[in-house]
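Remarks on the structure that follows.
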2 protein chains.
Amino acid sequence: MFHSSESEEGLKEQIILEAAMDEFIAHGWTGARMQAIADRAGINKTLLHYYFRSKKNLYQRILYRVMKYFFGIVLGNIVESGSFEEFLRAAIDTIVEESGRNPRLPMFLMQELSLGGKTARVMLREVLNEQKQPLTAVMLEKVRKGIEEGVIRSVDPGQFILTLIGSCLYFALAEPIIMEIGSLAGFMEGFDRDGFLQKRKKEIFSVLYYGIRKRGAEE
Amino acid sequence: MFHSSESEEGLKEQIILEAAMDEFIAHGWTGARMQAIADRAGINKTLLHYYFRSKKNLYQRILYRVMKYFFGIVLGNIVESGSFEEFLRAAIDTIVEESGRNPRLPMFLMQELSLGGKTARVMLREVLNEQKQPLTAVMLEKVRKGIEEGVIRSVDPGQFILTLIGSCLYFALAEPIIMEIGSLAGFMEGFDRDGFLQKRKKEIFSVLYYGIRKRGAEE
DNA sequence: GTCTATATCCTGATAGAC
DNA sequence: GTCTATCAGGATATAGAC
């Protein structure tokens with residue numbers, strides 16, 4: 001699933017990393033078992049310690065890959081957008097699409113954060129520093145530019161980015177709970193997941209860009 | 001912190017539950033240690049098994065309390081709102097305030113979900129069923145009413161609720177990462193957390209209600 | 001109800017033969 | 001590089017005295 005950017009990795013290392021990622025994403029740091037990783041990779045448990053010294057070392061490699069992949073995709077899809085509207089659509093489409101296709105990635109990051117997140121913070125700084133232009137700086141700049149050009153209102157750029165990302169990620173993060181709530185409330189019978197995600201992109205753009213207030217109504 | 005709604009619980013049970021909640025929230029299901037819970041409560045480890053049969057049993061009790069508390073507060077603060085605008089402000093203020101004051105609660109729920117969430121789903125249904133009017137039904141109804149009365153545009157109510165909750169929760173969920181990104185991007189020097197949360201409420205309301213598009217600009 | 005001691009199991013990691 | 005066997009530590013849970 002992820003193409004490695006490191007230069008010298010054998011095929012077996014790749015297989016192990018894939019297996020380890022599945023296991024860590026499924027069960028988290030404390031819940032993941034070295035035996036289970038070995039089973040997923042179809043190798044002996046001893047081999048894990050031969051290729052990667054310890055569980056911790058393996059975990060950090062996985063964390064690095066997930067961040068590198070996720071931030072890389074988003075950055076790649078927004079960096080060349082021209083108008084603010086283009087940027088907004090690209091950002092929403094990419095984050096909803098990626099987190100929808102593989103919800104375990106943002107869940108994995110959230111889980112790491114909820115357990116203190118020290119490792120995640122260090123890793124994050126490293127990953128962002130490796131980008132020619134850090135993702136966050138680019139996003140903030142796009143919003144600032146939109147304000148300067150008079151296309152959008154003078155909102156706080158950082159606050160808006162938070163609203164944007166939160167709106168896009170939340171479905172993936174809370175899908176299990178949402179499905180339960182949805183069935184209770186009766187608004188998701190015969191659920192078409194892919195269609196829902198497509199609609200989600202449009203609805204987020206619509207609300208963030210135009211708001212929900214009816215023009216001319218009250219006030 | 002949480003006042004129990006169960007009828008028959010001794011003082012010591014309460015102390016243990018508080019300690020267990022802290023430990024589970026800090027380290028998750030697999031990471032939490034019975035010994036650590038005993039230490040936090042200032043009792044012997046054996047007492048844990050005397051009062052609560054097993055770790056699993058204790059965990060479920062905690063999960064129930066957290067959900068009951070969180071959903072209860074939100075429901076209580078929106079159920080009597082009159083206009084749609086009142087409802088929107090009340091929902092945003094409550095969720096930002098509660099998740100900001102204690103970010104570990106939403107993190108705890110997210111973590112449970114990321115690890116499969118089966119227990120969470122069952123518990124969620126139970127908690128919602130116990131509310132006179134389920135929180136989710138009330139929120140959907142408020143949006144529908146706003147549309148019917150012509151106050152807001154005809155958006156998909158479920159989609160809007162997702163955008164609303166995601167926007168409000170995201171800061172609390174990703175705060176460790178955001179602070180790191182913030183310092184990198186230089187938009188959060190000398191951070192005043194409480195002031196930030198107050199501003200966050202206003203910004204979310206502003207974007208969701210009015211959108212960010214400048215009136216009369218292009219198109 | 002509360003303690004000490006212990007059973008039983010599981011985990012990450014390593015030693016050593018091949 | 002790859003296997004079998006095993007160590008040493010730590011986890012939940014219980015037995016049994018008081």
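What you are looking at is a predicted structure, and each value in this text was computed from that prediction instead of being measured. Within every chain, numbering begins at 1; the chains are lettered A, B, ... in the order of the sequence lines, protein sequences first and strands thereafter.
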Indicate the ring-plane relationship of A:Phe24 and A:Tyr59, choosing parallel, tilted or perpendicular according to the 30° and 60° boundaries. perpendicular
Within the structure, does a side-chain N or O atom of B:Lys12 lie under 4.0 Å from either OP1 or OP2 of C:dT2? yes
Look at A:Glu18 together with A:Arg65 and state whether they make a salt bridge at an N to O cut-off of under 4.0 Å. yes
B:Ile15 CD1 to C:dG1 C1', straight-line distance once rounded to whole Å: 15 Å
Closest heavy-atom pair, B:Ser81 versus B:Ile78, reported as atoms and distance to 0.1 Å, is OG-O, 2.7 Å
Answer yes when B:Glu141 and B:Lys145 have at least one side-chain N-carboxylate O distance shorter than 4.0 Å, and no when they do not. no
Rounded to the nearest Å, what distance is computed from the CZ atom of residue A:Phe52 to the C1' atom of nucleotide D:dG1? 15 Å
Mind checking if B:Tyr51 touches a base, just sugar-phosphate, or nothing, with heavy atoms under 4.0 Å? sugar-phosphate
Counting only heavy atoms not in A:Arg193, do more than 12 fall under 6.0 Å of its CZ? yes
Set out, in order, the CA-CA distance, both residues' side-chain angles and the distance that settles side-chain hydrogen bond (donor to acceptor under 3.5 Å, both in side chains) for B:Gln35 and B:Asp39, then state yes or no. CA-CA 6 Å; B:Gln35 180 63 61; B:Asp39 292 346; 3.0 Å; yes
Nucleotide by nucleotide, nucleotides 4-18 of chain D touches protein heavy atoms under 4.0 Å in the pattern (B base, S sugar-phosphate only, - none) B------SBBBB---
How many Å lie between OH on A:Tyr59 and P on C:dG12, as a whole number? 14 Å
Report the distance from atom CG of A:Leu47 to atom P of C:dT14, rounded to the nearest whole Å. 14 Å
What is the distance, to the nearest angstrom, from the CG atom on A:Leu48 to the C1' atom on C:dT14? 14 Å
Rounded to whole angstroms, how far apart are CD1 on A:Ile37 and C1' on C:dA13? 14 Å
